[in-house]
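Structure record follows, encoded as structure tokens.
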Amino acid sequence: MNKTRVAVFASCSGTNLQAIIDADINTIEIALVFSNKPDAYALERANNHNIPTEVLDHKAYEKREDFDKDIIKVIEPYNIDLIVLAGYMRILSPDFVRAYKGKIINIHPALLPSFPGINSARQALEYGVKYTGVTVHYVDEGVDTGSIILQSVVEVEDSDTEESLLEKIHKVEHQIYPEAIRLVSSGQVEIVGRRVIKKN
Ligand code: GRF
């Protein structure tokens, strides 16, 4: 079976990228790491593993749409089957999402639909929930609204600070993102309505 050609989009340190590399998923090939930040440490991680990289600095663009159009041009030659957002801190324009419809997934540090957007751990602490967690979901044209592939729970303890909670969340992310990528790339799931369910 052909391997799923994956592009990982990352703007930050790329610990999720590292977890995906280390998981050595045999149904995928990480064909590209893309970043909107020339100094993202994720790019160095890619270099260390001889994974091709591409960078487009969003600051050079006035309009999100133009930036995203150029991303499409840059990644086209890589024949990407699945885009994995791993700490990619840009909202994708509807045109981009349509161009890769059903082929983009994201990881979010909360149990969606609770606490979408940024600073989710802080939002969870301020709200006072006893459990938060991690969600891997397909990306649609909304912010953190796509169909949910996997979720995992993290307990909020009384002693937790935003930092300690984020640390626990990250640990769980590094476990479930590779698992979700394995599920999606091996064709084991299908979308029925809003639900992502295992095929029989
Ligand atoms: C993760 O917490 C992810 O959920 C969020 O951004 C963070 C990226 O961390 N979308 P890293 O760059 O993978 O270390």
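Predicted model only: the values in this text are computed from it and were never measured.
- In the hydrophobic clustering of this structure, Tyr78 does not group with Ile25; members are Ile, Leu, Val, Met, Phe, Trp, Tyr whose side-chain heavy atoms approach within less than 4.5 Å, directly or through other members.
- Between the Thr161 side chain and the Ser164 main chain, a donor and an acceptor come within less than 3.5 Å of each other.
- Within the 4.5 Å cutoff, the side chain of Val136 has no heavy atoms near those of the Val184 side chain.
- A donor-acceptor distance shorter than 3.5 angstrom exists from the side chain of Thr135 to the backbone of Leu112, with no hydrogens or angles considered.
- The local environment of NZ in Lys168 is crowded, with over 12 non-hydrogen atoms from other residues, nucleotides or ligands closer than 6.0 Å.
- Under the 4.5 Å side-chain contact rule for hydrophobic residues, Val139 and Ile28 do not share a cluster.
- When all heavy atoms of Tyr177 and Ile20 are compared, the closest pair comes out as CD2-CD1, 4.0 Å.
- Looking at every heavy atom in both residues, Glu162 comes nearest to Leu125 through N-CD1, 3.3 Å.
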Fill in: Asp81/Lys103 under side-chain contact (heavy atoms from CB on, under 4.5 Å): CA gap, chis, key distance, verdict
CA-CA 7 Å; Asp81 304 306; Lys103 295 181 178 173; 5.7 Å; no
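- Atoms CG and CZ, from Asp22 and Arg45 in turn, are 9.0 Å apart once rounded to the nearest 0.5 Å.
- Note on Leu82 and Val33: same hydrophobic cluster, where clusters join Ile, Leu, Val, Met, Phe, Trp and Tyr whose side-chain heavy atoms are under 4.5 Å apart, directly or indirectly.
- Judged purely by atom type and a 3.5 angstrom limit, Arg194 uses its side chain to pair as donor or acceptor with the backbone of Gly146.
- To the nearest 0.5 Å, atoms CZ (Phe67) and CG (Leu92) are separated by 9.0 Å.
- At distances below 3.5 Å, at least one donor-acceptor pair connects side-chain atoms of Gln123 with backbone N or O atoms of Ile118.
- In this structure, Gln18 and His49 have side chains that are in contact, with non-hydrogen atoms separated by less than 4.5 Å.
- Taking each heavy atom of Ala110 and Thr132 in turn, the nearest pair found is CA-OG1, 3.7 Å.
- Under the 4.5 Å side-chain criterion, counting only non-hydrogen atoms from C-beta, Ile83 is in contact with Phe96.
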Fill in: Residues Leu32, Glu54; criterion side-chain contact (heavy atoms from CB on, under 4.5 Å); working and verdict
CA-CA 7 Å; Leu32 173 68; Glu54 295 283 355; 3.5 Å; yes
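- Residue-environment remark: CG (Asn2) stays at or below the threshold of 12 foreign heavy atoms within 6.0 Å.
- With hydrogens and angles disregarded, a donor-acceptor distance shorter than 3.5 Å links the side chain of Ser120 to the backbone of Phe115.
- To the nearest 0.5 Å, atoms OG (Ser152) and CD1 (Ile176) are separated by 5.5 Å.
- At least one side-chain heavy atom of Val156 sits less than 4.5 Å from a side-chain heavy atom of Leu165.
- The shortest side-chain heavy-atom distance between Phe34 and Ile80 does not fall under the 4.5 Å cut-off.
- Under the 4.5 Å side-chain criterion, counting only non-hydrogen atoms from C-beta, Tyr61 is in contact with Leu56.
- Between Ala46 and Leu17, the shortest heavy-atom distance links the atoms N-CD2, 4.4 Å.
- Considering every non-hydrogen atom in both Ile169 and Pro109, the closest pair reads CG2-CB, 3.6 Å.
- Rounding to the nearest 0.5 Å places CD of Glu163 at 12.0 Å from CZ of Arg122.
- Side-chain contact between Lys199 and Gln188 is absent, with no heavy-atom pair separated by less than 4.5 Å.
- If you take NZ on Lys69 and OG on Ser93, they are separated by 8.5 Å, rounding to the nearest 0.5 Å.
- In the hydrophobic clustering of ILVMFWY residues, with side-chain heavy atoms under 4.5 Å counting as a link, Ile104 and Val84 come out apart.
- Remark: the Glu157 side chain and the Ser159 side chain contain no N/O donor-acceptor pair separated by less than 3.5 Å.
- Residues Glu141 and Arg98 are in side-chain contact: their nearest non-hydrogen atoms beyond the backbone lie under 4.5 Å apart.
- Annotation: the span from Asp160 atom CG to Lys130 atom NZ amounts to 10.5 Å, rounded to 0.5 Å.
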Side chains of residues 8-16: which donor-acceptor partners sit under 3.5 Å, not counting sequence neighbours?
from: Ser11; atom 1: OG; to: Asn36; atom 2: OD1; distance (Å): 2.7
from: Ser11; atom 1: OG; to: Gly87; atom 2: O; distance (Å): 3.4
from: Ser11; atom 1: OG; to: Met89; atom 2: N; distance (Å): 2.8
from: Thr15; atom 1: OG1; to: His174; atom 2: NE2; distance (Å): 2.9
from: Asn16; atom 1: ND2; to: Glu173; atom 2: OE1; distance (Å): 3.0

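- Residue Asn26 comes nearest to Lys3 through the heavy atom pair O-CE, 3.3 Å, listed as atom of the first residue, atom of the second, then distance.
- A single hydrophobic cluster is seen to contain both Leu183 and Ile21, as judged by linkage of ILVMFWY side chains at heavy-atom distances under 4.5 Å, directly or through other members.
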